[in-house]
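Below is one structure, written out as structure tokens; comments come after it.
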Protein chains: 2
Amino acid sequence: MSILSAAVDVLRCFSSTRHDVTVTDLVSLLGMPKSNASRLLRAMRDEGLLETVGASKRYRPSLLLNQVGQIYRFAASLIDRADAIVGRISDEVGHTGYISVRRGADIIGVTAHPGRHALRVVTAIGDRISAFASSTGRALLARLSDDEVRQLYPDGLVPPSGTAPQNLDELLARLARVRREGYAESHDEAVRGVRAISVAVGDPATGDEVALCISFPAAMASPQERLAIIRSLSEGAAEIAALTRDPLFIPIRPSIAETAP
Amino acid sequence: MSILSAAVDVLRCFSSTRHDVTVTDLVSLLGMPKSNASRLLRAMRDEGLLETVGASKRYRPSLLLNQVGQIYRFAASLIDRADAIVGRISDEVGHTGYISVRRGADIIGVTAHPGRHALRVVTAIGDRISAFASSTGRALLARLSDDEVRQLYPDGLVPPSGTAPQNLDELLARLARVRREGYAESHDEAVRGVRAISVAVGDPATGDEVALCISFPAAMASPQERLAIIRSLSEGAAEIAALTRDPLFIPIRPSIAETAP
DNA sequence: ACCTAAGTTCCATTTTATGGAACAAATTGG
DNA sequence: CCAATTTGTTCCATAAAATGGAACTTAGGT
């Protein structure tokens with residue numbers, strides 16, 4: 001086993017409840033001889049991976065690790081990350097996944113993952129659809145204040161279907177629900193028989209915001225499947241939100257998160 | 001030389017302008033045989049320090065590094081507190097705020113708050129700049145004795161601009177002024193037309209020291225605004241100093257503190 | 001399909017890590 | 001203030017891993 005592996009094990013010892021480690025911590029956590037623990041910590045400090053806390057024998061991650069860790073945020077763009085997550089979920093559940101961005105009152109699909117079921121929801125990349133009349137759009141609109149939403153629709157709404165919000169008040173009520181529940185859902189809106197679930201996440205550093213969406217024929221998904229999709233999307237988006245420190249991200253209610261798979 | 005040292009060298013290759021590396025990058029940057037570079041990158045990926053970008057042969061820092069790097073902020077709780085205060089001030093005044101630490105004669109930005117004005121000072125996190133030629137640097141250097149400062153610059157200064165201190169005596173004179181007034185200021189130093197005000201504070205228990213800084217276009221801030229920024233920074237730093245019992249903290253002169261808001 | 005650049009694998013040699021135990025230092029308790 | 005105990009460091013022979021040159025494979029570009 002290379003010393004690299006031992007060093008990584010040390011890094012994995014750090015957590016939100018353990019901000020620093022000592023030689024004995026390593027002995028008990030990793031079961032290594034304390035001679036190794038002692039030398040390893042010193043070597044990692046000498047190399048600049050760790051630093052000692054004041055004059056004590058406690059070690060914590062170094063500034064270097066902090067800086068390299070920050071690179072990760074820039075290395076992958078928000079869209080890349082969201083796309084990777086939606087791609088994975090789409091693979092798992094077999095339904096179509098896509099990510100979209102909002103431009104004003106419109107939603108634009110950016111990337112799509114077709115899904116593999118015979119009955120498949122097909123969405124065109126690059127098409128603009130009305131934000132208020134789709135789950136992706138409402139997931140993104142829910143990140144605005146009610147006032148900002150009103151400003152987007154100075155002339156009210158022109159509902160494309162009976163299941164979409166019919167007026168501004170109905171839209172605001174549904175956005176309130178999105179903010180409460182952490183996800184947006186549509187049913188029979190753009191296409192009859194199609195259900196879609198969306199979660200939005202942003203990067204305050206760049207101002208980008210995307211919606212992650214899984215879309216499927218309503219007849220094909222059981223209530224459990226629907227819950228699983230909500231959970232997957234939310235978990236994936238939460239990962240991104242943690243990375244970008246998105247202050248607007250809404251985690252789903254624990255009651256949903258805890259439901260058995 | 002241990003493989004740990006080589007791995008850290010790889011991590012040091014990452015910067016704000018290099019988000020990923022390849023085998024050949026390492027060969028040219030570190031002068032190592034490409035057989036080593038190839039194996040090292042793979043080992044680091046297998047251990048979870050790096051991840052490959054998509055299906056390409058590019059490597060970037062992993063989520064693990066991002067997470068461990070975040071620990072640094074909590075481990076060095078001084079940074080967290082300082083960051084919160086600078087963030088609040090930045091929100092209030094709308095200008096860019098950041099906090100930095102000193103490593104030898106260099107200053108490294110740790111966190112930043114962009115500010116919301118159209119004309120905005122942008123500072124790169126993780127970049128090293130000369131301590132003596134910035135307000136953050138001088139705020140931190142002012143915590144050292146003149147002798148300690150002299151030891152940091154055995155070969156004198158290489159001023160990057162005409163407004164920075166031109167020699168050691170000039171630097172010491174400016175540090176004396178920082179100690180007298182409780183804040184450091186720069187004007188037209190790193191960037192033309194940019195003014196920055198910094199205050200330093202430390203935690204004697206851990207030995208950590210940080211500088212809190214607000215940076216703004218000189219043309220955009222009135223004398224009153226400038227005073228308000230000095231006051232806010234100093235009050236925030238004083239809060240931290242009280243918590244950590246920092247014996248080196250210098251409160252601003254009452255004449256400034258009392259000026260009407 | 002060719003050529004070139006980039007990346008990987010192989011192998012004997014050199015260097016480094018390992019872990020038990022002795023030693024040293026720092027805490028704790030009386 | 002000293003003894004007991006816990007915690008951390010150093011030493012050493014052995015075992016394991018890293019090294020770098022060259023052969024080999026793969027990917028990119030024209």
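Within every chain, numbering begins at 1; the chains are lettered A, B, ... in the order of the sequence lines, protein sequences first and strands thereafter.
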- Can you check whether A:Asp20 reaches A:Tyr59 side chain to side chain, under 4.5 Å on heavy atoms? no

- Item | Under-4.0 Å side-chain N/O to phosphate OP1/OP2 contact, A:Arg42 with D:dT10 | yes

- Between D:dG20, D:dA18, C:dT8, which nucleotide gets closest to the side-chain atoms of B:Tyr59? C:dT8

- Query: Just checking, any donor-acceptor pair under 3.5 angstrom between side chains of B:Gln70 and B:Asn66?
  - Reply: yes

- If you take atom types as modelled and just measure distance, does the side chain of B:Lys57 reach the base of C:dG7 with a donor-acceptor pair under 3.5 Å? no

- Note on the structure: Taking D:dG20, C:dT8, C:dA17 as options, the one with an atom nearest any side-chain atom of B:Asn36 is D:dG20

- Please state whether the phosphate of D:dA18, meaning OP1 or OP2, lies under 4.0 angstrom from any side-chain nitrogen or oxygen of A:Ser2. yes

- Task: Please tell me which of A:Ala6 and B:Ala37 maps to the more 5' nucleotide of DNA chain C, matching each residue to the nucleotide holding its nearest heavy atom.
- Result: B:Ala37

- Query: Looking at B:Ser35, does any N or O in its side chain come under 4.0 Å of the phosphate oxygens OP1/OP2 on D:dT19?
  - Reply: no

- Does atom CZ of B:Arg177 have more than 12 heavy-atom neighbours, drawn from other residues, nucleotides or ligands, at distances under 6.0 Å? no

- N/O donor-acceptor pair, side chain A:Arg39 with base C:dG19, under 3.5 angstrom: yes

- Task: Determine: side-chain N/O of B:Ser38 to OP1/OP2 of C:dG7, distance under 4.0 Å, yes or no.
- Result: no

